[in-house]
Amino acid sequence: MAENKTTFCRICEPLCGMIATVEDGRLLSLRPDKENPLSKGFACPKGIAFSEIVNDPDRVLHPLRKNEFGEFEQVSWDTAMTEITEKLAAVHKRDGASGIGWYFGNPATFSTGHTLWVANFTTLLGTPHVYSAGSQDVNNRFVASHFLYGTPVAAPIPDINRVQFLVIIGANPVVSHGSVMSSPRIREGLTAITKRGGRVLVIDPRRTETAREFDWQPIVPDTDALLLLSLLHVMFDEKLADDDRLRDQATGVAAIKSLAAKYPPELTSERTGIDADTVRDLARTLVLTDRAALYGRVGTSLGRTGTLTTALLDIVNLVAGNLDTVGGSMFGDLGVPGQRAGVTALQHVSNFAWNGRRSRVGGLPQVLGTAPASLMAKEMLTPGKGQLKALFVSAGNPVLSVPNGDELVKALGGLDLMVSLDFYQNETNAHADYILPTTTMYERADFLIPFQPLFTTPFKQATDAVIPPMGEAREEWQIVNELVGALAPQAPALRGLHLFNKLADRIGKPWTPTRLSDLVVRLGTGGDRFGLRRGGLTFKRLLDKFPHGTIVADHLEPGQLGKFVTHRHRRIRLDAPELLAEIDRLDPDVDPSYPLRLIGMREIRSENSWQHNAPMLLRGGRAHTARMHPADASARGLDEGDLVTVTSRHGQIALPISVTDDIKPGVVAIPHGWGHNGTGGWTKANDAASTDLGSGGANVNALISSDPEDLERLAGMANMTGVPIEVTPLEPSIRAHLAAQAPELVDSGE
């Protein structure tokens, strides 16, 4: 008989509560959990549709090996792992650890065992070739925190529940549901601000789904740093800032004050498109409003100076008196004893510390042990010591998500070994030697450690697997343990880990993600401290007594900076030379050949590149289009639905346009995650977004540079917003030619 099991979604950061209906080990359906204390019966279409992904006929359920004809054939796990480990050991023996690399995608972050086991393996192996989706998303948040607080893991979040004036820059939480912030029912949280007499202002080049519900202020893409500097200028110039408080909380105040003095709003308004009076009023309101906060995310991260911009967001909150205060931008806390000392110690570990290593190509710094993914192809193609020759890709599709996918396809073809851990055949692992089937979120237990400090209401929830693994799927950490064992004879550090794993198994206490999670739950806020706190939480107690999750504190606590800042005297550092040097990059070269500015956008029914195969999310048809303002379309003789060529200095794509007033003139928005070119095994995704050019949409990252000199210098982030482009009509003769070619040629602009 069918039964209902309580669990939670792990697609994005709210981690909304879900009820899974299961029968005979099969997931029948998913619905929102009305008893979850935070999400209270809310889930987005992506979460509800996930049962279609679990049961997708296109899903990879058995190990696959590419044969001599270039086709995948099913093999046993023993065969796959024996061959993989033999080839891996050979690469390691010949080239050492620097010949081996790993890329993990965004979904890896939502699995404790995946991320931490891969990190442990690659760290002990000693490879510099570790890459993640973070260098297309969030890495400069970690670097900005490193400079400001001395630790990369301190991330302030807006106190949604108590803020009275919230300014959102370059974020669209109604669609993203929050990023570097876990706040289920975020739309209601934002609406509650206005209901209690407050205000929400969205600053964005596009009237996003969030901006449509609140106040909208357009801005020129990639000028956020100029706006923030002008806000600081007004706060200092009009003596709105409390200098005594600032000196108590931070060092380098004089340097920031001197810098901001050069950016009055009258000077920056032409660049940002926001008039000086509006900027001055905004600065005064941020200071004078009791409980105000500034929040920025992907739109502020993906410009040429994303780390500087991210740091300036925190600095504006600090100067306005809104950092680490009730209703402002606050810090969550794991509550684990000794966490400050532990993080301080990690700053001296080269594999963890910012700039502990620099990339072989381009000399860019690592972030949390990862190198810029934009350089991955060049690390494979550039000969010499340290050349990447064996690559593992888990839960990722970098051919679509990393700039210059064509270059990456070429590079993958030259590897000695490529192994994918995934439950789909996608455009990247189509080039793999082996695809190893992995579990979905509902086939594993979880307690997501990284997101605990990011809840706007402190909250804990654990889940067991609701169904057993389908087919022969395995969890990533189990596969990693086999790789550890295979390389243990050749790598001393891995030998120690392998012996630890064997000993733990022998005494009946295997080291698993659940065991690690239990340790964190027990030591953290609300935990039982191994019996010292009666009635405290354990992993099992969360499952048994609080299956819907439990709120562990009513609100975030102010006054947390002392717990996080590792700089001397526990004061925020505002004048790191590396940060201040980024000012030189605020003035880009202007090329009149590319008068428009490209921005990205997230769609409510898409999660990057991997949810285009679910029928529920494709209902009504899916279109992949470039959004343009009517004035820009008219100036180019374009109408709704016309096919166009979008060209940058680095590439070209073809797709239809949508004409809309909900975007600033001079700006074009194109959703990412598309470009399914038929090489992947997801049939519905390949057929989606059909036009007479073909199907699968266009890969917007073909317009983005992967050259080291074009990457953001401090975090190695790809420049994906404010990219200079031009849009032109697609000539009929070219259109007919392109339509007859392979879709991948359309996407690459060849």
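Not measured: the values here are computed from a predicted model. Residues: numbered from 1 along the sequence shown.
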Any donor-acceptor N or O pair under 3.5 Å, side chains Ser230, Thr268: yes

Keeping the roles fixed (side chain from Glu52, backbone from Leu617), state whether a donor-acceptor pair exists under 3.5 Å. no

Go through the side-chain N and O atoms of Asp58 and Thr683 and say whether any donor and acceptor fall under 3.5 Å apart. yes

Distance alone, cut at 3.5 Å: any donor-acceptor contact between the side chains of Ser183 and Thr456? yes

Does a side chain donor of either Asn608 or His672 reach within less than 3.5 Å of an acceptor in the other side chain? yes

Side chain to side chain donor-acceptor pair (under 3.5 Å) with Glu603: which residues, sequence neighbours excluded? Ser606, Arg622, Trp674

Assess, by modelled atom type and distance only, whether the side chains of Asp224 and Thr300 contain a donor and an acceptor separated by less than 3.5 Å. no

Can you tell me how far CZ of Phe214 sits from CD1 of Ile168, rounded to the nearest 0.5 angstrom? 7.0 Å

Say whether Ser179 and Arg297, considering side chains only, have a donor N or O and an acceptor N or O under 3.5 Å apart. yes

Residue Glu270 excluded, over 12 heavy atoms near CD under 6.0 Å: no

Working for side chain to side chain contact (heavy atoms under 4.5 Å, CB included), residues His612 and Trp682: CA-CA 8 Å; His612 296 149; Trp682 33 28; over 6 Å; no

Between Glu726 and Arg636, does at least one N-O distance fall below 4.0 Å, as a salt bridge requires? yes

Between the side chains of His114 and Ser394, does any donor sit under 3.5 Å from an acceptor? yes

One thing to verify: whether Arg199 and Asp215 come together as a salt bridge, which I'm taking to mean a side-chain N less than 4.0 angstrom from a carboxylate O. yes

Verify the distance criterion only: is there a donor paired with an acceptor across the side chains of Thr278 and Asp275 at less than 3.5 Å? yes

Do Phe451 and Phe110 make the cut of ring centroids closer than 6.0 angstrom? yes

Are any of the side-chain nitrogens in Arg10 or Glu13 under 4.0 Å away from the carboxylate oxygens of its partner? no

Checking side chain to side chain contact (heavy atoms under 4.5 Å, CB included) between Ile704 and each of His650, Gln136, Met720, which is the one that passes? Met720

For Ser29, the side-chain contact (heavy atoms from CB on, under 4.5 Å) test, sequence neighbours excluded, returns Thr21

Supply the atom-to-atom distance Ile663 CD1 to Arg627 CZ, rounded to the nearest 0.5 angstrom. 8.5 Å

Go through the structure and list residues passing side-chain contact (heavy atoms from CB on, under 4.5 Å) with Ala311, not counting sequence neighbours. Ala144, Leu148, Leu579

Any ion pair linking Arg304 and Glu712 (charged N to carboxylate O, less than 4.0 Å)? no

From Asn429, Thr438, Asn426, residue fulfilling side chain to side chain donor-acceptor pair (under 3.5 Å) relative to Ser420: Asn429

Is it true that the side chains of Asn404 and Asn701 contain a donor and an acceptor less than 3.5 Å apart? no

Set out, in order, the CA-CA distance, both residues' side-chain angles and the distance that settles side-chain hydrogen bond (donor to acceptor under 3.5 Å, both in side chains) for Ser706 and Ser374, then state yes or no. CA-CA 5 Å; Ser706 64; Ser374 296; over 6 Å; no

In terms of ring plane angle, is the pair Trp610 and Phe423 parallel, tilted or perpendicular, where the classes change at 30° and 60°? perpendicular

Distance-only polar pair, side chains of Asn140 and Thr307, donor-acceptor under 3.5 Å: no

Hydrogens and angles aside, do Thr223 and Thr272 bring a side-chain donor and acceptor to less than 3.5 Å of each other? no

Can you confirm whether the side chains of Thr428 and Asn397 place a donor and an acceptor under 3.5 Å from each other? yes

